[in-house]
Amino acid sequence: MRTVAVVGASLAGLSAARSLRKQGYGGRLVVIGDELHRPYDRPPLSKEFLAGTLGEADLSLETDDEDLRAEWLLGARATGLDRTERAVRLADGREVRADGIVIATGAVARTLPGSESLAGVHTLRTLDDARALRDELARGGRLVVIGGGFIGAEVASTAYALGLDATVVEAAPTPLAGPLGATMGGIVSTLHVDHGVRLLCGVGVKGLSGERRVDAVLLEDGRSIPADIVVVGVGARPCVEWLEGSGVELDNGVKCGADGRTSLAGVVAVGDCANWYDPRAGAHRRVEHWTGARERPDAAIATLLAGGAVEPGVPRPPYFWSDQYGVKIQFAGHAAAADSVTIEAGAADDRDVLAVYRRAGVPVAVLGMNQPRLFTRWRKQLAAASS
C-alpha cells in the first residue's frame with residue numbers, strides 16, 4: 001500500500017495510525033479529523049476537566065517526541081467514500097485517494113429535539129462542549145441532567161463537587177440497567193441519593209421551557225423542574241452517514257468482522273462507529289469504550305496490511321470505568337449475557353462491592369466499586385477464558 005487514510009483523529013484513529021507504524025507500514029499516512037484539535041483524551045471531559053483540575057494540555061494523547069510521519073488534515077469533515085476511485089471526499093471539496101482506509105469517525109451525542117435555540121442546554125462529547133459547560137458550571141445555578149447513564153452521572157457528580165444543586169432525570173425505572181443490569185445498576189445509581197443529588201426515575205422528558213434561555217425541564221407526568229443549566233446525556237449515534245451509498249455495510253454503525261474488516265476490501269473500522277462481530281456472543285456489538293478504541297486497532301491494522309489473509313482472533317471482553325462521587329466503578333464483559341449476579345466481596349451499602357455475573361454458572365462479566373485489585377484479577381480471568 002502506498003497510501004493509507006485514517007478517517008477520524010480521536011483515540012481510535014490515533015491508535016490506528018500508531019499501529020500502522022508499529023506494524024511496519026512505511027508509506028504515506030493521512031489522518032483526517034473533523035475537529036480542529038489534535039487528538040485528546042475524552043474521559044476527563046466530564047470529570048477533572050469539567051471541575052477545572054485538569055487543563056487542556058493535560059488532555060493530549062500524543063507525546064512530545066512522537067512523530068508518526070503523518071499528514072494531518074484537521075477541521076476536515078468526510079462527506080463520502082468513492083469505492084471506485086478509492087477516495088475519501090471532504091466537505092471543502094478535496095479528495096484523499098488511498099489504497100487502504102481506516103474508518104474511525106466515532107459517534108456524536110444525541111440531542112433533545114427543539115433545544116437547539118435555547119441557551120444553557122448542553123451535550124458533552126467534545127472538548128468544545130466541555131469548555132462551554134465548564135464556563136456555565138463555574139457560574140453556579142440549578143443543574144438538571146437528562147439521562148442517568150455514565151456521562152450524565154459523572155456530570156452530576158462533578159456538579160455536586162462544585163456545589164451546584166443537581167437533579168438527574170432518567171426515563172428507565174433503573175439507571176444503568178442496560179450496561180450493568182437492573183440489580184447492580186440500582187446499587188450504583190444510589191450514589192446520587194447518598195450525596196443529596198435528586199434522582200427521578202421512570203419518567204420521560206416532554207420538553208424544555210424558556211424563551212432565549214432554558215428555565216425548566218418539563219416532565220411527561222406534568223411536573224416541571226426549574227433549571228438554569230441542562231445537560232442532555234441520552235446516548236450517542238455512530239457517525240456513519242457519510243458512508244451511505246459507498247458499499248460499506250451499515251448496521252448500528254459500520255458492520256465488521258471480529259477483526260474490523262468491512263464489506264469492502266481494504267477498508268476496516270475501529271472505535272465507537274464500528275459494530276464488530278463478537279464470536280463469544282455470535283452477534284455484532286458496538287463498543288463505545290476507551291479501551292476498545294485503544295486495543296482493537298491493532299487487530300484491524302493487521303487485517304488491513306495482510307489484505308484480510310489473517311485469521312481473526314477473539315476481541316477481549318469490553319472494559320470501561322467511571323469515577324462518581326469518589327467511587328471507582330469498573331466493569332468488564334457483558335451484563336446482558338448473564339442469568340445471575342452475585343456479590344463476591346464487600347457490601348452494597350458501603351459501595352465497595354465486587355459482583356460477578358454468570359450464565360449457567362460460567363462468569364461472563366464482573367463489576368467493581370472501589371475494588372481495583374480484586375476486579376483486575378477477575379478481569380484477567382474473563383479475558384483468559386474467552387481467548
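Both backbone and side-chain heavy atoms feed into the values below; hydrogens, waters and symmetry mates do not.
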State plainly whether one hydrophobic cluster holds both [X] and [Y], where clusters connect Ile, Leu, Val, Met, Phe, Trp and Tyr through side-chain heavy atoms under 4.5 angstrom apart.
| X | Y | result |
| --- | --- | --- |
| V121 | V205 | yes |
| W290 | L176 | no |
| V327 | I343 | yes |
| L112 | V214 | yes |

Output the distance between atom [atom1] ([X]) and atom [atom2] ([Y]), rounded to the nearest 0.5 Å.
| X | Y | atom1 | atom2 | value |
| --- | --- | --- | --- | --- |
| L218 | I225 | CG | CD1 | 9.5 Å |
| Q371 | L354 | CD | CG | 5.5 Å |
| I229 | L133 | CD1 | CG | 7.0 Å |
| L124 | T158 | CG | OG1 | 9.0 Å |
| Q324 | S322 | CD | OG | 3.5 Å |

Say whether, by atom type as modelled, one donor and one acceptor occur between the side chain of [X] and the main chain of [Y] under 3.5 angstrom.
| X | Y | value |
| --- | --- | --- |
| D34 | G75 | no |
| E85 | A87 | no |
| T376 | P372 | yes |
| D58 | G55 | yes |
| S263 | E249 | yes |
| S60 | A57 | no |
| R89 | G93 | no |
| E154 | G152 | no |
| R142 | D165 | no |
| S157 | A153 | no |

Mutual orientation of the aromatic rings belonging to Y357 and F331 [parallel < 30°, tilted 30-60°, perpendicular > 60°]: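 Because their plane-to-plane angle is over 60°, the rings of Y357 and F331 count as perpendicular.
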Salt bridge flag under 4.0 Å for residues [X] and [Y]:
| X | Y | result |
| --- | --- | --- |
| D298 | K22 | yes |
| D278 | R285 | yes |
| R213 | E136 | yes |

Result of checking I329, T174, V353 against M184 for side chain to side chain contact (heavy atoms under 4.5 Å, CB included):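 Answer to the side chain to side chain contact (heavy atoms under 4.5 Å, CB included) test with M184 among I329, T174, V353: V353.
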Reference residue V102; test side chain to side chain contact (heavy atoms under 4.5 Å, CB included); the match among L304, L29, V31: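 The side chain to side chain contact (heavy atoms under 4.5 Å, CB included) with V102 is passed solely by L304 among L304, L29, V31.
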Centroid-centroid under 6.0 Å between Y160 and H192 rings: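 No, the ring of Y160 stays outside the 6.0 Å limit from the ring of H192, centre to centre.
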Contacts of K206 that satisfy salt bridge (Lys or Arg N to Asp or Glu O under 4.0 Å) - sequence neighbours left out: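 K206: no salt bridge (Lys or Arg N to Asp or Glu O under 4.0 Å) contacts found.
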Step-by-step side-chain contact (heavy atoms from CB on, under 4.5 Å) determination, V230 to I146: CA-CA 7 Å; V230 171; I146 301 173; 3.7 Å; yes
Under a plain distance cut-off of 3.5 Å, with no hydrogens placed, do [Y] and [X] share a side-chain donor-acceptor pair?
| X | Y | result |
| --- | --- | --- |
| Q23 | S19 | yes |
| T126 | D128 | no |
| Y40 | E35 | yes |

Any pair counted as salt bridge (Lys or Arg N to Asp or Glu O under 4.0 Å), so long as it reaches residues 340-367, sequence neighbours left out: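 Listed by first then second residue: D194-R351, E344-R358.
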Side-chain hydrophobic cluster, 4.5 Å single linkage: members besides V7: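 Under the 4.5 Å side-chain rule, V7 groups with V30, I32, L73, L81, V88, L90, V96, I101, I103, V240, W242, L243, V248, L250, V254, L264, V267.
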